[in-house]
Number of protein chains: 2
Amino acid sequence: MGDTTATRRGRLSRDRVLRAAVDLADRDGFDSLTMRRLGEELGVEAMSLYNHIANKSDLLDGMIDIVFGEIELPAKDPGWRTAMRRRAISARAALSRHPWAVGRMESRTTPGPATLAHHDKVLGILRAAGFSVALAAHAYSVLDSYIYGFALQAPSLPFDTGRDTGRDSVAVTQAIMARFTSGQYPHLTEMAVEHVLQPGYDYANEFEFGLDLILDGLEKASTGLSRSPRNRQHRSG
Amino acid sequence: MGDTTATRRGRLSRDRVLRAAVDLADRDGFDSLTMRRLGEELGVEAMSLYNHIANKSDLLDGMIDIVFGEIELPAKDPGWRTAMRRRAISARAALSRHPWAVGRMESRTTPGPATLAHHDKVLGILRAAGFSVALAAHAYSVLDSYIYGFALQAPSLPFDTGRDTGRDSVAVTQAIMARFTSGQYPHLTEMAVEHVLQPGYDYANEFEFGLDLILDGLEKASTGLSRSPRNRQHRSG
DNA sequence: GTCCTACGCTTACACTGTAAGTAAGTCAAG
DNA sequence: CTTGACTTACTTACAGTGTAAGCGTAGGAC
């Protein structure tokens, strides 16, 4: 009969623990991720988790590496610009699926294998396209800063009309609007009324404007050095 | 004699509490900021703090508003571009002084007065310079995303040569270098050896490259609509 | 069979945020 | 001055946190 000695319902593994942690953080918010809740989720006591992860910090590192693993790594075939664009959009989508991830990156100083592989691939594409080492560093810095910064802001904006985030963003918006009507913040009010609170508005659309702006700038910077960016260093074939 | 009934050494106030919290987070890291440690810092028991702040979340909101208050709000006199540039550099400096702040913004949904005033002023400068409402929103989004994203990445990069952060960044760098030497990440290795680990390198310098790239793009976008960006909507004088 | 190892469970501890109640100070009105 | 209201700090207490230490047992190797 009931063989539910909890050895059943499937064995634990580091991967299963990490994935359950990601799901839990996505569903109930990052603060709900406690060792006991996570154990409960897996039908196991909290301390059993420590057979597969070193401590909670290690758990977090693994979770973030999972998120990085979800970012698409396009081939360099259609050119660096397309590759960077696809990667950026995929990264934004992944970070929007796991909003807790971006804010925790600050404290992580030990990137996981997926993270490192990701960075290496991107740099490879840029270098192969003729970017100098310095320019590749610039490009990487500006692109990633933009991606992470956008992902960081997106969920915190009271402007979010709340299609995805749902919840209480309407209440929050109204609370802030109450301060607006005092006339203290005329430009914020204008922005809200004339633009952001319009029916079809979705903040996510802002992303591609800035992305293309940055890609334009990089393109100009890369062609500014040598006329054709593609055969600079890597053409000795 | 000793009249140190702890009423002495100065009365508490919300502002004193907030400022001590910021200092403590700066000095010992955000995780060291507990109510008891903060009370200790002020010569007071933990529970006394609750006479001036509602709870720890309120404390955090206040702390972040302090950081925002440190960002310089330049006048619009020398033109929007100079104003935006100064603001961005000042914001980056403030966030680098308080590295914990940027990662906590995601969870905050109730911006403080300094934060709102800041946003309103910036939007005002852009609108007065002739930016349409939509373009001002774009500009704000891309600039702030970049600023926050940069601040988010800066302390986590193992590339940091550790002038400011000091501590164990050298050890971390070496640990990662050990993986590099395995040849798994050739482009990361190249980047590190040829560029980032060079003597004079400072990641903070990357900031202005991306900033000017974005400002160039915005300038082009704003002049692309009407020849002269300044008299578009606000000239009904 | 017997032993080993892996893995989950139990108990325990130091530490967290904070609710509730108490005491000591400040200050205005009588 | 005394009196009483108010403010503010202190004390105690509690549920919930991460995790160290040790125990029990299931399943494979011999």
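Because only heavy atoms are used, hydrogens play no part in the values below, and waters and symmetry mates are left out as well, while side chains stay in. Please read all numbers here as calculations on a predicted model, not as lab measurements. First the proteins, then the strands, lettered A, B, ... as listed; each starts at 1.
Of the residues in residues 45-64 of chain B, those with a non-hydrogen atom less than 4.0 angstrom from any atom of DNA chain D are B/Glu45, B/Met47, B/Ser48, B/Asn51, B/His52.
We find that CZ of B/Phe30 is positioned 14 Å from P of C/dT16, with the value rounded to whole Å. Remark: P of C/dG8 and CZ of A/Arg14 are 15 Å apart, rounded to the nearest angstrom.
Side-chain contact check for B/Glu206 and B/Tyr201: at least one donor-acceptor pair (N or O, by modelled atom type) lies under 3.5 Å. A/His98 and A/Glu70 share a side-chain donor-acceptor pair at under 3.5 Å.
When ring centroids are compared, A/Tyr146 and B/Tyr146 stay outside the 6.0 Å threshold. A/His119 has its ring centre no less than 6.0 Å from the ring centre of B/Tyr185.
One finds no salt bridge joining B/Arg87 and B/Glu72 here, because no Lys/Arg side-chain nitrogen approaches an Asp/Glu carboxylate oxygen to under 4.0 Å. A salt bridge between A/Arg36 and A/Glu45 is absent, with no side-chain N of the basic residue lying under 4.0 Å from a carboxylate O of the acidic one. A salt bridge does not link B/Asp23 to B/Arg27: none of the charged nitrogens lies less than 4.0 Å from a carboxylate oxygen. Using a cut-off of 4.0 Å between Lys/Arg side-chain N and Asp/Glu carboxylate O, B/Asp58 and B/Arg14 are scored as salt-bridged.
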- Message: Dot-bracket, 5' to 3', for DNA chain C please: Watson-Crick or G-U pairs under 3.5 Å, [ ] where pairs cross earlier ones, | where the partner sits on another strand, dots elsewhere.
- Response: ||||||||||||||||||||||||||||||
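Evaluation of atom-type donor-acceptor distances gives no pair under 3.5 Å for the side chain of A/Arg36 against the base of D/dG16.
With distances taken from any side-chain atom of B/Met35 to the nucleotides D/dT17, C/dG8, C/dT18, the minimum falls on C/dT18.
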